[in-house]
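Everything on this sheet refers to the single structure shown next.
Basis for what follows: all heavy atoms, side chains included, without hydrogens, waters or symmetry-related copies. Read the numbers this way: they start at 1 and go in the same order the structure lists the ligands and their atoms.
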Amino acid sequence: MLSVPLQTGTADDPAADMAAEADPAPRPGVQPHGWLLVLDDGYRVLQAGCNLAELCGVAVPAAIGRTAEALLGRPAAAALEAAVEDSAGGSITPVQTRVETPGGGLNVHLQAHWGAGGLIVEIEPWQMLDLGVASGFLSAFGTAIRRYHAAPDVLSLARAAARDARILTGFDMAAVIRFDAEERPELIAQDAEPGTDPFAGRTVMPGIFPDELRAIYTLTRLRLVSDTEAPMVPLHPPANPATGLPLDLSRAWLRGLTPLLHDHNRRAGVRGVLSISLVVGGRLWGLVACYNRRPRIVAPPVRALCEAMGEIVAAQIGALAERAVANDRVAAARALARLSQSLRASTDLARTLWEERQRLAVLFDHEALDLRIGGDERTDGAASAATRDALLTALRNRALDGVVAVADCRLLLDAGAAPEDWPGAALFMELPHAGHLLLTRGRRGPWSAAKQEAAHELHRLLAERGAELYRASAEERLHRLAYFDPVTELPNRAHMLRDIQAALAEDRHPALLVASLDRFRTLKGSLGDDLADRLLAAVARRLAGCLGEGDLLARVDTGEFAVLVPEESGADAATRLGSRIREALRTPVALDGRDLFVTASLGLVPAAGPQALPQEMLRNAEIAAFEAEASGGGTKAFEGAMRARLTERYDLYDQLRHAVYFGQGLTLAYQPIVNLADCGIAGFEVLARWNHPERGPVPPSDFIPIAEETGLIVPLGNQILVQACRQIARWRRMAPQRDLYLSVNLSPYQLDGAKLDLPRWVQGVLEMTGAKSDWLKLEVTESGLIGNAAKSVDVLHRLRRLGIGLAIDDFGTGYSSLSYLQRLPLEALKIDRSFITEMDRSEQGAEVVRTILQLARILDLSVVAEGVESRSHLERLRALGCARGQGYLFSKPVDSQAAEQIVCGREPWIS
Ligand code: C2E
Ligand code: CA
Ligand code: CA
């Protein structure tokens with residue numbers, strides 16, 4: 001490292017005072033190469049340096065009280081008076097004049113300023129500048145300025161300045177010292193005569209420029225010490241007679257260093273020191289310091305040039321700094337744009353950030369990086385794990401808005417010393433799921449505004465993209481869970497229905513073949529679940545081997561498979577597939593050393609048939625397979641006549657119509673919906689009940705489809721709504737303190753605007769019954785929304801605007817896409833009972849419920865679990881954070897009287 005003997009020295013430097021106390025002889029004085037006088041406003045001497053006799057032959061104290069003219073002669077006194085008068089209270093221009101004394105004369109440079117103690121006059125011998133040397137200076141100066149303007153950065157500017165300062169002054173060495181963000185001196189450039197480095201081997205002493213000293217350097221921009229070894233000349237009298245205090249020499253040219261710093265420089269071998277302040281934007285940015293092994297007096301014109309050079313270098317530093325800030329911003333914006341592009345395209349944020357760490361470094365200029373995203377941890381830096389963990393904990397506690405910029409990491413420590421690898425400054429971004437991005441550097445100091453803005457922007461990008469990816473992965477997991485059968489890994493019923501739907505929507509006419517394993521339920525009972533599942537998997541593999549191109553195989557029920565055969569495969573492709581399947585099943589399946597024979601009955605819906613609904617097509621194929629099995633196996637194609645065997649449905653229809661229009665036998669049951677946290681009542685689901693005059697109770701799963709097929713659902717649904725609204729209005733009056741609601745099932749047919757303007761009608765019912773819109777919720781199944789999507793969605797939005805909460809019923813069993821659901825104005829989703837039941841049986845079941853709850857959180861939906869039948873269901877759902885539930889554990893659907901008891905605070909399930 002290079003050596004810089006640092007010049008300093010003020011009269012009130014504490015170091016100087018200490019030295020003065022240790023040795024009473026040296027007093028604050030002036031350098032011996034010049035003379036100092038303090039005059040009153042009549043130009044009479046108040047105080048003078050003790051070397052005065054060398055100038056004018058009159059020693060102190062004899063000189064005190066005499067006039068300047070008497071001591072210095074007429075020309076010098078006149079020049080001084082003229083300069084003072086010209087100044088009119090401002091700064092006094094230095095003059096060249098001649099001191100004339102009886103003993104001879106001396107050309108001098110005379111400079112004066114007003115201080116608290118009087119007019120301080122400083123006189124130095126005038127040095128003639130050799131003309132050649134002077135023009136050399138001037139042309140060097142001209143080139144220097146041009147070079148400064150061309151300097152690309154601060155370091156090359158500093159190198160040029162050091163070189164020029166050395167040449168200009170003729171000193172042995174010049175250095176540029178910069179104060180860093182914490183005002184510590186830092187040597188950034190030096191120049192010595194080629195082949196010599198007179199002051200090698202010493203370092204910059206930190207702390208050598210205290211605040212007061214830097215303040216003085218900011219005020220007076222040039223200082224010269226001609227000889228560090230020359231003893232200072234004391235003043236006589238020591239105290240200023242005008243103020244009674246030691247004279248304030250802070251603006252005096254001749255003022256020297258403190259004894260301590262004289263010593264410091266001497267030990268470095270320095271005799272002459274010239275230092276030029278570099279003041280940028282009012283702050284002392286640094287110094288150009290020139291050092292010489294021999295004593296040096298620098299002629300005033302050269303000093304003036306040095307001062308001008310300092311100004312120009314400082315101005316250029318300012319311009320470069322501004323340009324650097326602007327460049328930084330442009331580079332940051334560019335790096336950020338690229339980074340954002342990569343992140344948006346990325347599916348693995350940790351890896352992308354890692355690969356882009358060069359770009360990050362352009363943005364943040366950090367030295368170490370540590371990141372953790374979604375369990376992926378990467379680190380690029382020297383800190384130990386202990387340090388990193390302590391740092392992360394401290395930062396996390398401060399991350400209010402997710403980003404923390406720390407200028408000095410020592411402040412993060414509660415107590416005790418910082419570990420060796422503790423960084424200087426840190427930039428921390430908190431990411432979801434306990435992730436983070438931590439950038440550190442060894443150097444302390446604030447992060448620029450541009451870097452902090454970039455950090456916020458990057459944080460926002462990461463959070464956004466992270467959420468997107470998280471949602472996509474959850475969606476994909478749910479998709480697998482919802483559309484595939486874990487036993488055979490084939491698509492499931494919902495998948496098949498969706499594919500039929502897609503084919504029909506494109507006006508293609510696929511054929512459908514259902515293969516139902518004969519008496520499978522019985523077989524399953526005797527084999528046990530495990531073996532039965534393995535049998536199914538084996539059968540699935542055989543069936544898969546029979547498929548033609550474009551065929552889709554799915555497992556659509558316990559022992560039932562279906563194949564969708566595209567139209568392009570030809571008219572009898574499905575029939576031929578049927579033969580292949582029967583052929584394939586002829587060989588027994590070997591499992592656990594047993595040969596198992598399975599046969600299948602096949603039901604076929606040929607391609608030509610116009611099928612309105614996927615459900616209907618699948619059901620028709622199943623009916624045909626059922627007929628085939630009933631008639632002893634083989635294959636049957638579906639015919640209308642098979643439906644005719646279901647004529648009893650039509651009887652039912654007749655009776656249902658009667659019931660609807662004459663209000664006979666239709667009632668409502670209410671099933672409590674419970675807040676899982678405390679098992680308190682939240683509301684009721686309204687369920688239709690039909691008590692048939694001859695058959696007794698008919699389950700809704702029988703009569704609702706009939707009502708839907710025949711259009712009866714509209715008047716039926718209307719009646720249910722009116723009755724439900726009356727009921728809730730009454731219950732809210734009875735228990736105003738409870739936030740009860742009723743959840744009414746809505747059939748997709750009721751959303752069909754051609755039959756009914758539902759929102760308008762609902763509004764009328766609310767007005768008529770005095771029920772409020774937020775007491776009423778409506779449930780729709782997702783499959784119900786698929787057919788006439790656009791129109792239903794519009795109706796749903798209008799209902800939502802009325803203030804009615806909408807829930808998706810039987811969630812997970814339908815076959816709508818999540819992105820589609822996201823567009824619906826939903827408030828809640830009800831997890832289908834089958835998933836709750838499955839939760840206790842398999843990991844997969846529990847996983848579905850967990851995933852649905854995660855999704856609900858992402859989509860900001862509340863959740864009701866259906867079919868809560870056991871304590872264990874309740875505990876699991878609570879643990880997963882599910883808010884509400886309904887099911888036999890709490891209560892079966894009950895009639896209105898029993899429900900009223902519950903409303904009045906008798907919740908039988910709470911013992
Ligand atoms: P859903 O809307 O899913 O209704 C829940 C069904 O699950 C009800 O059957 C209820 O009694 C039953 N359930 C409730 N908790 C449990 C439990 O813990 N375990 C078991 N095993 N079952 C439970 P329900 O009343 O037979 O209704 C069947 C379906 O009929 C309903 O399914 C709904 O889709 C339809 N439905 C019922 N009432 C109406 C109505 O007023 N309008 C319309 N459009 N459809 C209705
Ligand atoms: Ca329901
Ligand atoms: Ca349901």
- prompt: With atoms numbered from 1 as shown, which atoms in ligand 1 lie under 4.0 angstrom from a non-hydrogen atom of Ile720?
  reply: 41 (O)
message: Within the protein, is there a heavy atom lying under 4.0 Å from atom 6 (C) of ligand 1?
response: no
- line: In terms of heavy-atom contacts, Leu716 and Ile704 come closest through CD2-CD1, 4.3 Å
- prompt: Can an N or O of Glu708 be found at a distance shorter than 3.5 Å from an N or O of ligand 1?
  reply: no
task: Look at Asn745 and state whether any of its N, O or S atoms is less than 3.0 Å from the Ca ion (ligand 2).
output: yes
- prompt: Please state which protein non-hydrogen atom is closest to atom 22 (N) of ligand 1 and give its distance, to 0.1 Å?
  reply: Arg833 NH1, 2.5 Å
message: So, 3.0 Å as the limit: is an N/O/S atom of Glu779 located closer than that to the Ca ion (ligand 3)?
response: no
Heavy-atom nearest neighbour in the protein, as seen from atom 16 (C) of ligand 1, with distance rounded to 0.1 Å: Tyr888 CE2, 3.2 Å
field: Worked verdict on Asp840 versus Arg876 for salt bridge (Lys or Arg N to Asp or Glu O under 4.0 Å)
entry: CA-CA 9 Å; Asp840 264 356; Arg876 276 167 180 268; 3.1 Å; yes
statement: Per residue Glu866, nearest N, O or S atom to the Ca ion (ligand 3) is named OE2
task: Starting from atom 43 (C) of ligand 1, find the nearest protein heavy-atom neighbour and note its residue, name and distance.
output: Asn745 CB, 3.6 Å
query: In Å and rounded to the nearest 0.5 Å, what is the CG to OH distance from Leu776 to Tyr741?
result: 11.5 Å
statement: Looking at Asp810, the N/O/S atom that lies nearest to the Ca ion (ligand 3) is called OD1
query: By atom name, which N, O or S atom belonging to Glu685 lies closest to the Ca ion (ligand 2)?
result: OE2
message: Using a 4.0 Å cutoff against the non-hydrogen atoms of Gly887, which atoms of ligand 1 qualify?
response: 15 (N), 18 (O)
query: Which of the numbered atoms in ligand 1 are below 4.0 angstrom from a heavy atom of Glu866?
result: 3 (O)
field: Euclidean distance, Phe626 CZ relative to Ser601 OG, rounded to 0.5 Å
entry: 10.5 Å
message: Quick one: does any side-chain atom of Arg857 pair with a main-chain N or O of Asp860 as donor and acceptor, under 3.5 Å?
response: no
message: Only heavy atoms of Asp810, strictly under 4.0 Å: list the atoms of ligand 1 that pass.
response: 3 (O)
task: Using protein heavy atoms only, decide if any is under 4.0 Å from atom 19 (N) of ligand 1.
output: yes
field: Nearest-0.5 Å distance that lies between atom CG in Asn620 and atom CG in Leu512
entry: 9.5 Å
query: Within the distance-only criterion (no hydrogens, no angle test), does the side chain of Trp690 pair as donor or acceptor with the backbone N or O of Leu656 below 3.5 angstrom?
result: no
task: Could you list which atoms of ligand 1 come closer than 4.0 Å to a heavy atom of Arg689?
output: 11 (O), 25 (O)
Side chain Ser773, main chain Leu802, donor-acceptor under 3.5 Å: yes
task: Decide whether the shortest distance between a heavy atom of Gln886 and an atom of ligand 1 is less than 4.0 Å.
output: no
Enumerated ligand 1 atoms positioned under 4.0 Å from heavy atoms of Ser747: 44 (N)
query: Taking NZ, NE, NH1 and NH2 as the nitrogens, is one of them in Arg534 or Asp529 under 4.0 Å from a carboxylate oxygen of the other?
result: no
Under 3.5 Å: donor-acceptor pair, side chain of Arg878, backbone of Leu676: yes
Option passing side chain to side chain donor-acceptor pair (under 3.5 Å) with Gln886 (candidates Lys830, Arg833, Glu866): Lys830
query: Is the CZ atom of Arg798 crowded by more than 12 outside heavy atoms at less than 6.0 Å?
result: yes
message: Does this structure show an ion pair linking Glu847 with Arg850, if we count only N-O contacts that are shorter than 4.0 Å?
response: yes
field: Backbone or side-chain N or O of Ser701 under 3.5 Å from ligand 1 N or O
entry: no
task: Starting from atom 11 (O) of ligand 1, locate the nearest protein heavy atom and write down its residue, its atom name and how far away it is, to 0.1 Å.
output: Pro893 CG, 3.3 Å
task: With heavy atoms under 4.0 Å as the rule, classify the contact between Ala688 and ligand 1 as side chain, backbone, both or neither.
output: both
- request: Output the list of atoms in ligand 1 that are nearer than 4.0 Å to some heavy atom of Glu869, sorted by atom number.
  value: 17 (C), 18 (O), 19 (N), 20 (C), 21 (N)
Heavy atom of the protein closest to atom 31 (C) of ligand 1 (residue, atom name, distance): Leu687 CD2, 4.3 Å
task: Please check if the side chain of Glu622 supplies one atom and the backbone of Val514 the other of a donor-acceptor pair under 3.5 Å.
output: no
- prompt: Heavy atom under 4.0 Å from ligand 1: found in Asp809's side chain, backbone, both, or neither?
  reply: side chain
query: Would one find an N, O or S atom of Asp809, in either backbone or side chain, under 3.0 Å from the Ca ion (ligand 3)?
result: yes
message: Test your reading of the structure: does Gln671 have an N or O sitting under 3.5 Å from an N or O of ligand 1?
response: yes
- request: Find all atoms of ligand 1 within a distance of less than 4.0 Å from any non-hydrogen atom belonging to Pro700, and give their numbers and elements.
  value: 24 (P), 25 (O), 26 (O), 27 (O), 28 (C), 30 (O), 37 (C)
- request: Look only at the side chain of Gln671 and the backbone of Ser891, and say whether a donor-acceptor pair between them is shorter than 3.5 Å.
  value: yes
Sidechain-backbone polar pair: Asp485 side chain, Thr488 backbone, donor-acceptor under 3.5 Å: yes
